[in-house]
Amino acid sequence: MSETGREQEHLKLLANRHTKYPTDYDPTVLETFANKHPDRDYFVKFNCPEFTSLCPITGQPDFAAIYISYVPDERMVESKSLKLYLFSFRNHGDFHEDCVNIIMNDLIALMQPKYIEVWGKFLPRGGISIDPYCNYGAPGTKWEQVAWDRLTHHDLYPEAVNNR
């Protein structure tokens, strides 16, 4: 069997026509596949405009757009598994800042990227919106400095907010 065939056997969710959506936070649904270009640095970006979680105090729903950008090393996250993983936050109670850090930590543990950032743009509740940002660069690499530079400059030119 070819390497591509073995890789496809490993991905259980992508071709599954009987997908079960997790109702509670579940990082075990995340799957990876081999990066065919590990010798090249490039960004992969996911835009997740329909993220939901619950306020851990009131139980009210929180809505956000989650942006995940990463520079892969050997492994990459499979997009359907990422969708199911993000869906698993639907009934999960955590603060906005915790959600983006949990997402980043789970993805680091899953695929050990060279660099990753997660930015949540939450819709307002009580007249205020919260946009937590976190990032990580692999220690001892050029990406560690990139992480610091992006963290200290990530919002110098904020977008015009006209939809919230």
Side-chain angles (χ1 to χ4, degrees), residues 1-56 59-123 129-139 141 143-144 146-147 150-151 154:
M1 180 179 289
S2 72
E3 186 173 332
T4 300
R6 280 192 294 278
E7 192 71 38
Q8 289 171 348
E9 276 185 3
H10 174 70
L11 298 174
K12 295 177 176 46
L13 295 171
L14 186 57
N16 186 339
R17 295 190 191 335
H18 304 288
T19 301
K20 293 185 176 157
Y21 288 83
T23 57
D24 292 310
Y25 165 73
D26 186 6
T28 66
V29 300
L30 288 167
E31 295 181 341
T32 64
F33 61 94
N35 177 9
K36 293 184 179 179
H37 308 281
D39 55 326
R40 179 179 304 127
D41 289 342
Y42 61 97
F43 269 96
V44 176
K45 184 172 184 179
F46 292 100
N47 301 316
C48 313
E50 297 176 341
F51 179 83
T52 59
S53 61
L54 298 176
C55 173
Q60 292 181 331
D62 290 314
F63 302 92
I66 300 288
Y67 301 96
I68 301 166
S69 296
Y70 73 100
V71 176
D73 194 5
E74 298 295 323
R75 306 297 299 171
M76 300 177 71
V77 65
E78 190 279 316
S79 62
K80 184 174 182 180
S81 76
L82 180 63
K83 176 179 75 170
L84 294 173
Y85 165 74
L86 293 172
F87 184 86
S88 80
F89 279 84
R90 176 69 180 93
N91 294 318
H92 180 73
D94 242 326
F95 292 115
H96 304 338
E97 300 85 351
D98 296 325
C99 288
V100 298
N101 277 280
I102 289 167
I103 292 166
M104 186 180 76
N105 290 340
D106 286 344
L107 291 172
I108 291 168
L110 177 74
M111 59 180 174
Q112 293 85 46
K114 295 175 184 178
Y115 174 83
I116 188 168
E117 60 188 32
V118 180
W119 198 343
K121 302 221 177 219
F122 285 81
L123 293 177
S129 61
I130 302 172
D131 295 348
Y133 171 89
C134 59
N135 72 0
Y136 161 88
T141 71
W143 294 103
E144 185 175 30
V146 169
R150 286 180 73 96
L151 179 65
H154 87 279

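Only heavy atoms go into these numbers, but all of them, side chains included; no hydrogens, no water, no symmetry mates. Just so you know, these numbers come straight off a predicted model, no measurement behind them.
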Once you round to the nearest 0.5 Å, how far does CD1 of Ile102 lie from OG of Ser53? 9.5 Å

Heavy-atom closest pair (His37 atom, Tyr42 atom, distance to 0.1 Å) is O-CE2, 3.7 Å

Among residues at least two apart in sequence or on other chains, which ones pass side-chain contact (heavy atoms from CB on, under 4.5 Å) with Asp24? Asn91

Does Pro49 have any side-chain contact (heavy atoms from CB on, under 4.5 Å) partners at least two apart in sequence or in another chain, and if so, which? none

Fit a plane to each ring of Trp143 and Tyr115, take the angle between them on a 0 to 90° scale, and name the class: parallel (under 30°), tilted (30 to 60°) or perpendicular (over 60°). tilted

Any idea which heavy atoms bring Asn101 and Cys134 closest together, and the distance? OD1-CB, 3.7 Å

Closest non-hydrogen atom pair, Ser81 against Val77: OG-CG2, 4.2 Å

Nearest 0.5 Å, what's the CG-SG distance between Asp62 and Cys55? 6.0 Å

Closest non-hydrogen contact found for Gly137 with Ala147 is N-CB, 3.4 Å

Pairwise ring pair (Phe, Tyr, Trp, His ring centres under 6.0 Å) hits with a residue in residues 87-113, at least two apart: Tyr21-Phe87, Tyr25-Phe89, Tyr25-His92, Phe51-Phe89, Tyr85-Phe89, Phe89-His92, His96-Phe122

When you compare the side chain of Leu30 with that of Leu82, does any pair of heavy atoms fall below 4.5 Å? yes

Applying side chain to side chain contact (heavy atoms under 4.5 Å, CB included) between Val118 and each of Asn105, Asp106, Ile103, report the one that passes. Ile103

Would you compute the distance between atom CG of Leu54 and atom OG1 of Thr52 and round it to the nearest 0.5 angstrom? 7.5 Å

Is there a donor-acceptor pair closer than 3.5 Å between any side-chain N or O of Tyr70 and the backbone N or O of Met111? no

Pairs in or reaching into residues 87-102: which pass salt bridge (charged side-chain N to carboxylate O under 4.0 Å, His left out), with residues at least two apart or in two chains? none

Spatial distance of atom CZ (Arg150) from atom CH2 (Trp119) [nearest 0.5 Å]: 9.0 Å

Listed by chain and number, what are the ring pair (Phe, Tyr, Trp, His ring centres under 6.0 Å) partners of Phe63, not counting sequence neighbours? none

From CG (Leu110) to CD (Glu78), nearest 0.5 Å: 10.5 Å

Quick one: do Asp26 and Leu84 satisfy side-chain contact (heavy atoms from CB on, under 4.5 Å)? Show the steps, please. CA-CA 9 Å; Asp26 186 6; Leu84 294 173; over 6 Å; no

Does Asp73 have any side-chain contact (heavy atoms from CB on, under 4.5 Å) partners at least two apart in sequence or in another chain, and if so, which? Lys114

Apply side-chain contact (heavy atoms from CB on, under 4.5 Å) to Val100 and Tyr133, showing your working. CA-CA 7 Å; Val100 298; Tyr133 171 89; over 6 Å; no

As an exercise, state the distance from CD of Glu31 to OG1 of Thr28, rounded to the nearest 0.5 Å. 10.0 Å

